[in-house]
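Worksheet: the structure to be examined is printed underneath.
Because the structure is a prediction, the values reported are computed rather than measured. All residue numbers in this chain count up from 1 along the given sequence.
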Amino acid sequence: MNKITRAYISVLRQSSSSGGSSTLLGRQLSYKSDLSLDKIYPSARLQLYTPPPPPPGSNNKFNGFIPMDKLEITYSRSSGPGGQHVNTVNTKVDLRFKVAEAEWIPEQTRQKLLKVLANRITKDGYFYIKSDLTRSQQMNLADALEKLRTIIRSQEVVEAAPPSEETLEKLRRRQERAARERLQLKRGRAQVKADRQGPGGVDL
């Protein structure tokens, strides 16, 4: 045992008996690492901060914000391959909410969801989303939320209006003109080949 180790042990014994803080080799003895956040970012605000939800847009569209307190989230053990970790940690995410009561979804979009998801909504009005993509609980939760955002935004895609009668008539005339030009060019090439042949049908 070297001198530094013996000095360290003696200092620990003294500090434990006296209840005060001690120093060793000019350094304060503590359990805080030199790589702690307050040392790496001395001027940063380390308090956790949850920003408020964004204000609703003027275009009455879903802004991507999902209030977590409006969802019912449960965790369970995933199935399938995964080694020893798969049957020991609850990583599978089951997310559900009532579509009819989801006021954080615009009214027009919510009505579309009720029609499109009619076969996937339970009798109690719940819509379920499951995710066991990874072996991480937080990653699966993020995946389930992204699935929900994709489903909501898919109902906000503006479908192109059907073409008018005038546009259809223009397209028909354009196709007819292209067909006439193609036939005319074909006849011109056939006439060139016919002119190359002699009176006896022999190509000159």
Side-chain angles (χ1 to χ4, degrees), residues 36-37 40-41 44-179:
S36 58
L37 293 179
I40 298 177
Y41 306 104
R45 186 178 61 180
L46 300 179
Q47 291 81 7
L48 295 178
Y49 172 70
T50 301
S58 58
N59 55 0
N60 199 22
K61 296 290 186 179
F62 176 63
N63 55 17
F65 174 75
I66 300 177
M68 300 300 293
D69 56 343
K70 302 298 183 181
L71 306 178
E72 298 182 19
I73 303 174
T74 56
Y75 304 96
S76 59
R77 295 180 181 178
S78 300
S79 59
Q84 302 179 23
H85 186 66
V86 66
N87 292 323
T88 58
V89 181
N90 295 331
T91 57
K92 182 180 179 181
V93 174
D94 294 314
L95 181 152
R96 72 173 187 171
F97 71 100
K98 289 187 176 181
V99 181
E101 300 178 1
E103 297 180 354
W104 44 275
I105 302 177
E107 177 65 24
Q108 185 177 3
T109 305
R110 187 163 67 245
Q111 295 301 326
K112 290 183 179 180
L113 288 173
L114 289 173
K115 294 180 181 180
V116 174
L117 304 176
N119 296 331
R120 299 176 58 184
I121 296 177
T122 63
K123 296 180 180 179
D124 298 331
Y126 282 99
F127 174 65
Y128 284 81
I129 293 180
K130 300 180 180 180
S131 177
D132 55 355
L133 181 64
T134 69
R135 298 304 173 207
S136 170
Q137 186 181 99
Q138 296 300 323
M139 293 294 291
N140 288 340
L141 177 58
D143 179 61
L145 294 175
E146 189 60 29
K147 287 181 180 179
L148 178 56
R149 291 189 183 96
T150 302
I151 293 174
I152 296 174
R153 285 169 174 159
S154 66
Q155 302 306 315
E156 296 184 337
V157 177
V158 179
E159 298 181 357
S164 61
E165 293 294 335
E166 182 180 358
T167 303
L168 292 177
E169 181 64 21
K170 289 181 179 180
L171 292 175
R172 186 184 64 81
R173 292 179 180 178
R174 187 179 302 172
Q175 292 176 355
E176 291 179 353
R177 183 171 64 253

Carefully, step by step, assess Arg149 and Ile66 under the rule side chain to side chain contact (heavy atoms under 4.5 Å, CB included).
CA-CA 8 Å; Arg149 291 189 183 96; Ile66 300 177; 3.7 Å; yes
Between Ile121 and Leu113, is a side chain to side chain contact (heavy atoms under 4.5 Å, CB included) present by the stated rule, with each step listed?
CA-CA 10 Å; Ile121 296 177; Leu113 288 173; over 6 Å; no
Could you walk me through whether Glu169 and Arg172 pass salt bridge (charged side-chain N to carboxylate O under 4.0 Å, His left out), step by step?
CA-CA 5 Å; Glu169 181 64 21; Arg172 186 184 64 81; 2.3 Å; yes
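Counting only residues at least two apart or in different chains, salt bridge (Lys or Arg N to Asp or Glu O under 4.0 Å) contacts with residues 116-126 are absent. Sorted by first and then second residue, the salt bridge (Lys or Arg N to Asp or Glu O under 4.0 Å) pairs with a member in residues 104-119 read Glu107-Arg110; sequence neighbours excluded. Within the structure, the ring pair (Phe, Tyr, Trp, His ring centres under 6.0 Å) test picks out the following pairs touching residues 99-158 (sequence neighbours left out): Phe97-Trp104. Within the structure, the salt bridge (Lys or Arg N to Asp or Glu O under 4.0 Å) test picks out the following pairs touching residues 92-103 (sequence neighbours left out): Glu72-Arg96.
Among all heavy-atom pairs drawn from Asn140 and Thr91, the shortest one is ND2-O, 2.7 Å. Residues Thr109 and Ile152 come closest through the heavy atom pair CG2-O, 3.7 Å. Shortest non-hydrogen contact noted between Leu168 and Pro163 is CD2-CG, 3.8 Å. Taking every heavy atom of both residues into account, Glu156 and Pro106 meet most closely at OE2-CG, 4.0 Å. In terms of heavy atoms, Ala100 sits closest to Leu114 at N-CD2, 4.1 Å.
The environment of CG in Asn119 is sparse: at most 12 heavy-atom neighbours from other residues, nucleotides or ligands sit within 6.0 Å. More than 12 heavy-atom neighbours from other residues, nucleotides or ligands sit within 6.0 angstrom of CD on Glu176. Heavy atoms of other residues, nucleotides or ligands lying less than 6.0 angstrom from NZ of Lys147 number more than 12. Other residues, nucleotides and ligands contribute over 12 non-hydrogen atoms within 6.0 Å of the CD atom of Gln111.
Listed by chain and residue number, nothing satisfies the side-chain hydrogen bond (donor to acceptor under 3.5 Å, both in side chains) test with Thr74 (two or more places apart in sequence, or in another chain). Every residue two or more places apart in sequence or in another chain that forms a side-chain contact (heavy atoms from CB on, under 4.5 Å) with Arg177 is listed here: Arg174, Arg180, Glu181.
Put simply, the side chain of Asp143 never gets that close to the backbone of Met139: no donor and acceptor are under 3.5 Å apart. In this structure, Gln137 contributes its side chain and Val93 its backbone to no donor-acceptor pair below 3.5 Å.
Residues Leu145 and Leu71 meet the side-chain proximity criterion, which asks for heavy atoms closer than 4.5 Å.
The CG atom of Leu95 lies 5.5 Å from the CD1 atom of Ile129; values are rounded to the nearest 0.5 Å.
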